[in-house]
Amino acid sequence: MDIKEYFARISYQGSYDKRDLAVLTDIFQHHIRAVPFENLSIHCGERIELDLEATYNKIVRKKRGGWCMENNYLLSWVLKTLGYDVTLLASRVYVPEYGAYAEEIDHLLLKVVLDGKPYIVDGGFGMVYQLWQPMELISGRDQPQTPGVFRFLEESGTWYLEKVKRKQWVPNQSVSNSHNVEKEVCRRIYLFTLEPDIEEFRACNTHLQTAPNSLFVTKSFCSLQTTDGVRALVGWKFTEVKYNYKDNMDLVESRILADEEIEKILKEKFNVTLDKKLVPVNTSRLCML
């Protein structure tokens, strides 16, 4: 594995001799705009391995994306290689349709300590809840970013991430099933503690790609951050979001693709070429945007 090969994959040409917030943020933003958040392997008959070399080969050499345990596992290697103090943390994602957090861990994120300050770095959540910058781990402070205003809340050692939502302007309402209802001003995203346990992720990695009711089994998806928003393919629905398009509203444009359009969209909009045929799936009622 070669850090310069990784930098070429994400088109990063900046400096990396200093370990500071500006460099960390720059590398992070290049990553989320080059490496999709996707689970397409599951729907191509491939197994996702929680193995660093396999993840590197997939994302860097095959120019694919990955889900949280691939994106953030690779990012942890990148940052450790550059000398950053990195810890892998487990979290449980909030499901608004159920009004509850997942019962078991289902998300991997990173804690990075810079000059004695802890930050959360998460390059593997995707969609409209993807962080665009490292977040200082401090409770109760609004931290505005281009996608919206994020904040952490801490209670008895458990940390909660949430996002203050903008309204959405959706020109084509007929293909929208967004959970962005008018009364939902603030969206919970996930909870976590600061206790690392890599072995938890091995069981989690297997469960999420095999359990019949797993979101990753019941939906095929691919999302990529852009300079002004995010684009996503969920099942057959392709969506492009432009943040703060006008009057503190996000523009959301969606359309349903035919089967024969999907390969082209993946290549043109996500720079993804698959080795095996994708079988799109969207049987879950859970909303990802």
- Message: side-chain contact (heavy atoms from CB on, under 4.5 Å) for D228 and Y243? Distances and angles first, verdict last.
- Response: CA-CA 6 Å; D228 60 0; Y243 290 134; over 6 Å; no
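- You'll find the side chain of R47 reaches within 4.5 Å of the side chain of T206, heavy atoms only.
- From S220, atom OG reaches atom CG of L278 across 5.5 Å, with rounding to the nearest 0.5 Å.
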- Task: Applying salt bridge (charged side-chain N to carboxylate O under 4.0 Å, His left out), run through R64 and E70 and close with a yes or a no.
- Result: CA-CA 11 Å; R64 284 282 304 279; E70 295 171 290; over 6 Å; no
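- A donor-acceptor pair is defined here as one N or O able to donate and one able to accept, closer than 3.5 Å; such a pair exists between the side chain of S223 and the backbone of M127.
- Judged purely by atom type and a 3.5 angstrom limit, E154 uses its side chain to pair as donor or acceptor with the backbone of G157.
- Two different hydrophobic clusters hold V217 and L233 under the rule that ILVMFWY side chains link at heavy-atom gaps under 4.5 Å.
- I42 and V279 are assigned to two separate hydrophobic clusters, defined by single-linkage of ILVMFWY side chains at heavy-atom distances under 4.5 Å.
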- Criterion salt bridge (charged side-chain N to carboxylate O under 4.0 Å, His left out) on K269 and E240, from CA distance to verdict: CA-CA 10 Å; K269 297 294 187 178; E240 292 187 284; 3.8 Å; yes
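- If you check the side chains of N71 and H31, you find a donor sitting under 3.5 Å from an acceptor.
- Looking at N244 and T146, their side chains never come closer than 4.5 Å, going by heavy atoms from C-beta outward.
- Residues W159 and S91 have side chains not in contact (no heavy-atom distance under 4.5 Å, counting atoms from C-beta outward).
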- Task: Could you give me the CA-CA distance, side-chain angles and deciding distance for F221 and F37, then say whether ring-ring contact (aromatic ring centres under 6.0 Å, His included) is met?
- Result: CA-CA 8 Å; F221 58 79; F37 170 68; 5.1 Å; yes
- Message: Between V234 and W236, is the side-chain contact (heavy atoms from CB on, under 4.5 Å) condition met? List the steps.
- Response: CA-CA 6 Å; V234 180; W236 292 264; over 6 Å; no
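- With E97 contributing its side chain and L286 its backbone, the two residues share no donor-acceptor pair below 3.5 Å.
- Residues K117 and D115 are not paired through a salt bridge, judged by the lack of any N-O separation under 4.0 Å between the basic side chain and the carboxylate.
- Looking at heavy atoms from C-beta onward, Y73 lies in side-chain contact with L50 at the 4.5 angstrom threshold.
- No hydrogens or angles considered: a donor-acceptor pair under 3.5 Å links the side chains of Y190 and D122.
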- Stepwise side-chain contact (heavy atoms from CB on, under 4.5 Å) test for K4 and Y16: CA-CA 11 Å; K4 291 184 179 179; Y16 52 90; 3.6 Å; yes
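- Using a 4.5 Å cut-off between side-chain heavy atoms of Ile, Leu, Val, Met, Phe, Trp and Tyr, with links allowed through other members, F238 and V281 fall into different hydrophobic clusters.
- For the pair E261 and R255, the salt-bridge criterion is met [side-chain N within less than 4.0 Å of a carboxylate O].
- By the criterion of side-chain heavy atoms lying less than 4.5 angstrom apart, applied directly or through intervening Ile, Leu, Val, Met, Phe, Trp or Tyr residues, L88 is not grouped with V113; the two fall into different hydrophobic clusters.
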- side chain to side chain donor-acceptor pair (under 3.5 Å) between E5 and Y56, worked out: CA-CA 10 Å; E5 188 179 24; Y56 178 93; 2.5 Å; yes
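- Judged purely by atom type and a 3.5 angstrom limit, R9 uses its side chain to pair as donor or acceptor with the backbone of A34.
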- Check the pair Y129 / F150 against ring-ring contact (aromatic ring centres under 6.0 Å, His included), numbers first and verdict last. CA-CA 9 Å; Y129 300 102; F150 295 91; 8.0 Å; no
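- Dense packing is recorded around CG of D142, with more than 12 heavy atoms of other residues, nucleotides or ligands lying under 6.0 Å away.
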- Please report the C-alpha distance between E162 and L153 in whole Å, then the side-chain angles of each, then the deciding distance to 0.1 Å, and finally whether the side-chain contact (heavy atoms from CB on, under 4.5 Å) criterion is met. CA-CA 8 Å; E162 58 186 30; L153 298 173; 3.7 Å; yes
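- With a 4.5 Å cut-off between side-chain heavy atoms of Ile, Leu, Val, Met, Phe, Trp and Tyr, the cluster of M249 takes in W169, Y245, L251.
- A salt bridge does not link K277 with E263: every distance from a Lys NZ or Arg NE/NH1/NH2 to an Asp or Glu carboxylate oxygen is 4.0 Å or more.
- Using a 30° and 60° split on the angle between ring planes, W67 and F216 fall in the perpendicular class, above 60°.
- Residues L266 and L274 have side chains in contact (heavy-atom distance under 4.5 Å, counting atoms from C-beta outward).
- Between the side chain of R187 and the backbone N or O of V164, no donor-acceptor pair lies under 3.5 Å.
- No donor-acceptor contact under 3.5 angstrom links the side chains of W132 and Q29, judged on distance only.
- The two residues L161 and M135 come nearest to each other via the heavy atoms CD1-SD, 3.8 Å.
- At a threshold of 4.5 Å between non-hydrogen side-chain atoms, the residues L224 and T226 do not count as touching.
- Looking at K58 and S41, their side chains do bring a donor and an acceptor atom within 3.5 Å of each other.
- Under a cut-off of 6.0 angstrom, the local environment of CD in E104 is sparse, with at most 12 non-hydrogen atoms contributed by other residues, nucleotides or ligands.
- Using a cutoff of 4.0 Å between basic side-chain nitrogens and carboxylate oxygens, K62 and D275 are scored as salt-bridged.
- A donor-acceptor distance shorter than 3.5 angstrom exists from the side chain of D106 to the backbone of V93, with no hydrogens or angles considered.
- For N39 (side chain) and K219 (main-chain N/O), a donor-acceptor pair under 3.5 Å exists by modelled atom type.
- Annotation: K163, atom NZ; neighbour count of heavy atoms from other residues, nucleotides and ligands within 6.0 Å is above 12.
- The main-chain N or O of L131 is never found under 3.5 Å from a side-chain atom of Q145 such that the two would form a donor-acceptor pair.
- With a 4.5 Å cut-off between side-chain heavy atoms of Ile, Leu, Val, Met, Phe, Trp and Tyr, the cluster of I138 takes in none.
- Shown here is R92, whose CZ atom has more than 12 heavy atoms of other residues, nucleotides or ligands within 6.0 Å.
- At least one donor-acceptor pair under 3.5 Å links the side chain of N72 to the backbone N or O of G123.
- A heavy-atom distance below 4.5 Å is found between the side chains of I105 and F201.
- Residues S214 and T218 are not in side-chain contact: their nearest non-hydrogen atoms beyond the backbone lie 4.5 Å or more apart.
- Checked for salt-bridge contact, E136 and R141 meet the test: a charged N lies under 4.0 Å from a carboxylate O.
- The closest donor-acceptor contact from the side chain of E38 to the backbone of G65 lies under 3.5 Å.
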